[in-house]
Amino acid sequence: MPPNLTGYYRFVSQENMDNYLRALDINVVLRKLVCLLKPDKEIIHTGDHMVIRTITSLRDYVMDFDLGVQFEEDLGPVDGRKCQTTVSWEGDQLVCEQLGEKRNRGWKHWLEGDQLHLRMTAEDEVCVQVFQKVK
């Protein structure tokens with residue numbers, strides 16, 4: 001049985017964000033700004049439906065989806081692209097595949113104790129973020 005990820009998580013750390021954003025063709029000014037942000041995550045997980053909200057001082061990004069069902073994700077706020085996205089469980093990891101212009105694009109969320117880990121990939125770049133559960 002996969003874990004229930006419901007909760008609010010505060011940013012702890014990240015590695016390799018600049019190179020990950022470069023792989024998405026994000027301009028240097030926006031990359032520098034994004035690297036300074038410390039996003040929080042709010043996850044609402046009810047059965048096969050999830051809402052993942054990434055909260056920053058600039059803008060929020062909300063993913064609202066049913067597990068295992070492909071949908072068109074508008075990544076305009078991130079990099080101006082649209083992807084065909086599917087999110088599903090692989091063991092205890094929530095895995096997202098984003099099919100579109102960029103090869104190997106997607107992410108994985110998993111829990112280690114009360115920390116939420118996020119591994120994002122695009123092309124050959126990997127960015128890892130860690131969040132601490134607060135409620």
Open item on the list: Give me the atom names and distance for the closest heavy-atom approach of N16 to V126.
Closed with: ND2-O, 2.8 Å

- [ ] May I ask you to check whether over 12 heavy atoms, not counting those of E97, lie within 6.0 Å of atom CD?
- [x] no

Task: Close side-chain approach of E42 and I55, heavy atoms under 4.5 Å - done: yes

Open item on the list: As a quick check of understanding, evaluate side-chain contact (heavy atoms from CB on, under 4.5 Å) for L94 and V87, giving each step before the final call.
Closed with: CA-CA 7 Å; L94 187 64; V87 183; 3.5 Å; yes

- [ ] Establish whether W110 and M63 are linked, either directly or via other cluster members, by ILVMFWY side-chain heavy-atom contacts under 4.5 Å.
- [x] no

Open item on the list: If we check side chain to side chain contact (heavy atoms under 4.5 Å, CB included) with Q129, which of these qualifies: K38, H109, M120?
Closed with: M120

Open item on the list: Can you confirm whether W89 sits close enough to P3 that some side-chain heavy atom of one is under 4.5 Å from a side-chain heavy atom of the other?
Closed with: yes

Open item on the list: If I take atom SG from residue C127 and atom CG from residue L21, how far apart are they, to the nearest 0.5 angstrom?
Closed with: 7.0 Å

Task: Nearest heavy atoms of F131 and L118, plus distance in Å - done: CE1-CB, 4.2 Å

Task: Short side-chain to backbone donor-acceptor contact, D66 and V69, under 3.5 Å - done: no

Task: Side-chain donor or acceptor of R10 paired with backbone N/O of Q132 under 3.5 Å - done: no

TODO: Could you tell me whether a side-chain N or O of T46 sits under 3.5 Å from a main-chain N or O of H49, the two making a donor and an acceptor?
DONE: no

Task: Closest contact, heavy atoms only, P2 versus G91 - done: CB-O, 4.2 Å

Task: Non-hydrogen atoms of A23 and E123 that approach each other most closely - done: O-CG, 4.0 Å

Task: Whether Q98 side chain and T85 backbone form a donor-acceptor pair below 3.5 Å - done: no

Task: E15 CD: over 12 foreign heavy atoms closer than 6.0 Å - done: no

- [ ] Can you measure from CG (L5) to CG (L111) and round to the nearest 0.5 angstrom?
- [x] 5.0 Å

Task: Between OG1 on residue T121 and CD on residue E125, distance to nearest 0.5 Å - done: 10.5 Å

- [ ] Report yes or no: do L36 and V29 belong to one cluster of Ile/Leu/Val/Met/Phe/Trp/Tyr joined by side chain heavy-atom distances under 4.5 Å?
- [x] no

Open item on the list: Once rounded to the nearest 0.5 Å, what's the spacing between atom CZ of R31 and atom CG of L33?
Closed with: 12.0 Å

Open item on the list: Could you measure the distance from the OG1 atom of T86 to the CZ atom of F71? Nearest 0.5 Å is fine.
Closed with: 7.5 Å

Open item on the list: Using a 3.5 Å distance criterion without hydrogens, assess whether the side chain of N104 forms a donor-acceptor pair with backbone atoms of A122.
Closed with: no

Open item on the list: Using side-chain heavy atoms (C-beta onward) and a distance below 4.5 Å, is R22 in contact with V28?
Closed with: no

TODO: State, with a plain yes or no, whether a side-chain heavy atom of H117 is found less than 4.5 Å away from one of K108.
DONE: no

Task: Derivation of the side-chain hydrogen bond (donor to acceptor under 3.5 Å, both in side chains) call for Y9 and D40 - done: CA-CA 6 Å; Y9 303 86; D40 287 348; over 6 Å; no

TODO: Identify the heavy atoms of F11 and P39 that sit nearest to each other, and give their distance.
DONE: CB-O, 2.9 Å

TODO: Mark yes or no for whether K133, through its side chain, and T6, through its backbone, hold a donor-acceptor pair below 3.5 Å.
DONE: yes

Task: Test log, rule side-chain contact (heavy atoms from CB on, under 4.5 Å), inputs E73 and K82 - done: CA-CA 6 Å; E73 183 179 9; K82 291 186 179 179; over 6 Å; no

Task: Flag if over 12 foreign heavy atoms under 6.0 Å of CZ, R119 - done: no

Task: Hphob cluster co-occupancy, Y61 + V34, side-chain heavy atoms under 4.5 angstrom - done: yes

Open item on the list: Determine whether a donor-acceptor pair (N or O, by modelled atom type, separation under 3.5 Å) exists between the side chain of R81 and the backbone of L24.
Closed with: yes

Open item on the list: Between L116 and Y8, is there shared hydrophobic-cluster membership here, with clusters defined by ILVMFWY side-chain heavy atoms closer than 4.5 Å?
Closed with: no

Task: Gap between atom CG of L67 and atom OG of S88 - 0.5 Å precision - done: 7.5 Å

Task: Chi angles and distances behind the side-chain contact (heavy atoms from CB on, under 4.5 Å) call for H45, I52 - done: CA-CA 8 Å; H45 179 183; I52 300 175; over 6 Å; no

Open item on the list: So that I can tick it off, tell me whether K102 and D25 are bridged by a salt bridge, with the cut-off set at under 4.0 angstrom between side-chain N and carboxylate O.
Closed with: yes

- [ ] Taking all non-hydrogen atoms of both residues into account, name the closest pair between Q14 and C35 and its distance.
- [x] NE2-O, 3.5 Å

TODO: Decide yes or no on side-chain contact (heavy atoms from CB on, under 4.5 Å) for V51 and V62, but give the supporting numbers first.
DONE: CA-CA 7 Å; V51 177; V62 178; 3.9 Å; yes

TODO: Indicate if V128 and V12 have the same hydrophobic cluster label, given that clusters are the connected sets of ILVMFWY residues with side-chain heavy-atom separations under 4.5 angstrom.
DONE: no

